[in-house]
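Below: the structure, in structure tokens.
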Amino acid sequence: MRLDHVRRLSGPNVYLSRPVAIAHLDLQGLTGHETTDHPGFAERLVAALPGLASHHCAAGRPGGLLDAMARGTYFGHVTEHVTLELSGLIGRDAFFGRTVLAGPPGRYDVVLECPRDEPAGSTVVERLVGVALRVVQGALAGRVPDTADELAEIAAEHEAERLGVSTAALAAAARRRGVPVRRVGGLNLLRLGYGRHRRTVWAAMTDATSAIGMEVAGDKRLAHRLLADAGLPVPAGRVASSPAEALEALREIGGPVVVKPVAGHQGEGVHIELTEPQEVVAAFTAAAGGAATAAGAGTGPAAGGDGAAVIVESYVPGRDYRVLVVGGRVSAAAELTAARVVGDGAATVAELVERVNADPARGEGHDRPLTRLVLGPAELGLLARQGHGPAAIPAAGETVWLRRNANLSTGGTSRDVTGDVHPEVAALCVRAAATVGMDVCGIDLRLPDIAAPPPPEPGAAGILEVNAAPGLRMHLAPSEGEGRDVAGDIIGLLYPDGAPSRVPIVSVTGTNGKTTTVRMIAHMLELDGRRTGMTSTEGVYVGRRLVHMSDASGPRSAEMVLGDRTVEAAVLETARGGIVRRGLGYERADVAVVTNVTRDHLGVDDTESLDDLVEIKALVAEEVRRGGRLVLNAEDPASAGLAERPAVRDRDPSVRFFAQAPDAPVLAAHLRDGGVGYCVEHGWVTEATGDRRTRVLPVEEIAGAFGGRAAHVVANALAAVAAARGLGVPLDVVARALRTFEPHTRNPGRGCVYRVGENPVLVDYAHNPAAVAAMGALTAARWGGPDRGDPGGPGGAAAAGPGVAAVTLPGDRCDDLVVETARILGRAFGRVVVYEDEDLRGRRSGEMTRLIVRGLREARPDVRHHPAGDLKGALTSALDMAEPGEPVLLLYEKLQPVLELLETLGAEPEET
């Protein structure tokens, strides 16, 4: 077996509402083989990975996989389960898997759930699949390889790239409140919410955290000065820049003292309860090295000019406490105890440390609720002062201290004391946070007892530090006592009860009309006074301004709009390619629109049939918010049928059908049941609710609809009206938007007419059978006489419509679809100029021309067709072939070259 590639779908996708990775496997020599063809395989595999015995598989109960292997199953399916088991062994939560045939026999896509915030660039899942393949192949060969070392490496990579404890808690708290969450790269940086309600957190820092407050908190002497000026208790102390100054401070303050860096963090370089001069000198040397490093890394006032400066301050007796202040109130409090081990009379200090570190709650750095104990220089020095070394055996019950400073980062533990905090202590901490200017901060203080008022005697209590970006571990999962939802408090500070975190989202998908419909909806919302972000195949727009030019109909462009803090509403074109390759770029649209689902993109991304397309585009309908609006085409069976899908019904949306004919069966039934729909009745765009009818505007007044002759534009307008009304846009605004939706400025490249000499040139992006049929029908309706046949109908012998077509079609469709589209062209036009895209999309030069000509001839043996080398040659030839006044239909690959060519030809826009 071979792993060809892995791709990730980071947003909601056709498999799962959470991220997945898709591993494309080639079974090679195992194609067609089942587990029952290899006696002993299943037994060897389960012996190597006993956890497989509990896998449910399709049976929905433990042992389901064993039953499947006993009956016979393919090896892609087995690889899926082995990968999930390995994922669990390294502590990576992933439970969903599915294996689907992908192309010819032996090719499978193994779909694997990924942790929600795993970085998109992570190689963990790819490495796990690689190990799984070796395990499966080893079991087939008779011996499963030892993969322990490789799994340990993968586990280390997973630990290194996962969110820290504090950030993970914030992400979970946000999601519980329904706030959208996106991790930025591999950082502990989260983007919360959408549009104008977007906020950012980095660990426990928020985008409202004061930069000045951060600098003050990072400079301990400045923080002490401000706190003392506010009348808050702080230890007496001074800054020392040399050992001599440190000794002078010892004499001045009197022992015991604490020596620590000016800008240290996480308890590094802190030396406590020193009384002897030699201890102070040694502590100065150690702390000065850390101070110099911290100062060199800074950028603000706290980083400037102190070099090796350290703080020497009086030691405050009592217990160590951390109080978390969030938004001007105490969120949690914990009593901290320094790193230690307790003897049992038999184990050495080193063995006791190993025993403590076996606790799965302990990890490296901040990736677990507790930090592993170490026996470094600081710990060994303290052991020696207690008369111990790593090989010493402490007496039973003897406490051996490894650190004096009570920081979780150096192996300490915490006990929740939130319920014990005396009101005066709480007020003191709140004042301290306000004095420094922090919205979220941790107050380190020493007191005899946090449950009593701070003693008034100088030196009997003190605020030791004010911590910016405080760790939340000690409060979320204390070693003793109740965990506190401090992450929820921080999210509540950003999004108070009742505050929105989202902007209205309209997601539009379908085969035809997506871009026009999106542009119409965005125009309506803008006229309604909402600054709108819009994505489409022509780019990303914010407030009617193009901010990013590209084919922007996928998840990256959706994220771009939803990340813009000026956006008040979002209208997203959601194309098949983006769904298949990366999933959706949003969660839960307020309105989902499916214009239609017809044959297109067949042969691309393993999409082989109309049913495949329906499965893909159905995701947009399924990802509407509960009780949201779902706009469906009553005259298109595939679109209308989405209303009955279980996953759609589960969202309980308000379905809004649209149809040009008021008596369309699906629409009529929906209205009889009291539903809301949109149609054309007596020449008017009409909103219908049960038996009530409300006129919006005459069809002939829709800009770009050629007086109502462009039936496809009318259909798009109905869909847009339904969507806009679903967001509460008033009817008069909707009508005004449709009247002012001038194609050349609002909808370039879609049904736009230019006058070149005596000939109108109709420019459109049509590239599939339904779209080409619509263009043929429009050409006949607008420029044909009453004796013209129906060019888009099934009768290939009908008279050709007026005009000449200059066409290209995309090369990444299957041959049958290209030929079918060309047949529609042949029915509509008796004269066709064929040119090929600059991007052949995997085709050989001339191949697409031959397929198009084949379809033209099948539809109309007497068709006049001419090849052209490029866009310019095609349009020039078509204009030469056309009689004066005859229309020319120009189908294009990219719009900008078309506009540039028309300008060189002196083309003038025409009203439609």
As an exercise, state the distance from SG of C114 to CG of D117, rounded to the nearest 0.5 Å.
11.5 Å

Give a yes or no on whether a salt bridge exists between R565 and D207, defined as a side-chain N under 4.0 angstrom from a carboxylate O.
yes

Counting only N and O atoms by type, is there a donor-acceptor contact under 3.5 Å from the side chain of R183 to the main-chain atoms of G186?
yes

Note, I443 side chain near V325 side chain (heavy atom, < 4.5 Å):
yes

Compare all side-chain heavy atoms of P478 with those of R415 and state whether any distance is below 4.5 angstrom.
no

Charged N to carboxylate O below 4.0 Å: is that the case for R355 and D344?
yes

Can you tell me how far OG1 of T371 sits from CZ of R362, rounded to the nearest 0.5 angstrom?
7.5 Å

E335 bridged to R322 by N-O distance under 4.0 Å
no

With no hydrogens and no angle check, do the side chains of H158 and E153 hold a donor and an acceptor under 3.5 Å apart?
no

Test V239 against V310 for side-chain contact (heavy atoms from CB on, under 4.5 Å), laying out the working first.
CA-CA 6 Å; V239 174; V310 302; over 6 Å; no

Side-chain donor-acceptor contact under 3.5 Å, T200 with R198:
yes

R92 versus R162: any side-chain heavy-atom pair under 4.5 Å?
no

Under the 3.5 angstrom rule, does the side chain of E379 hit a backbone N or O of G376 as a donor-acceptor pair?
yes

Under 4.5 Å between any side-chain heavy atoms of D229 and R225, yes or no?
yes

NE2 of H271 to OG1 of T285, rounded to nearest 0.5 Å, is 9.0 Å

Taking E351 for its side chain and T348 for its backbone only, find out whether a donor-acceptor pair lies under 3.5 Å.
yes

CG-OG1 distance between D439 and T209, expressed to the nearest 0.5 angstrom
3.5 Å

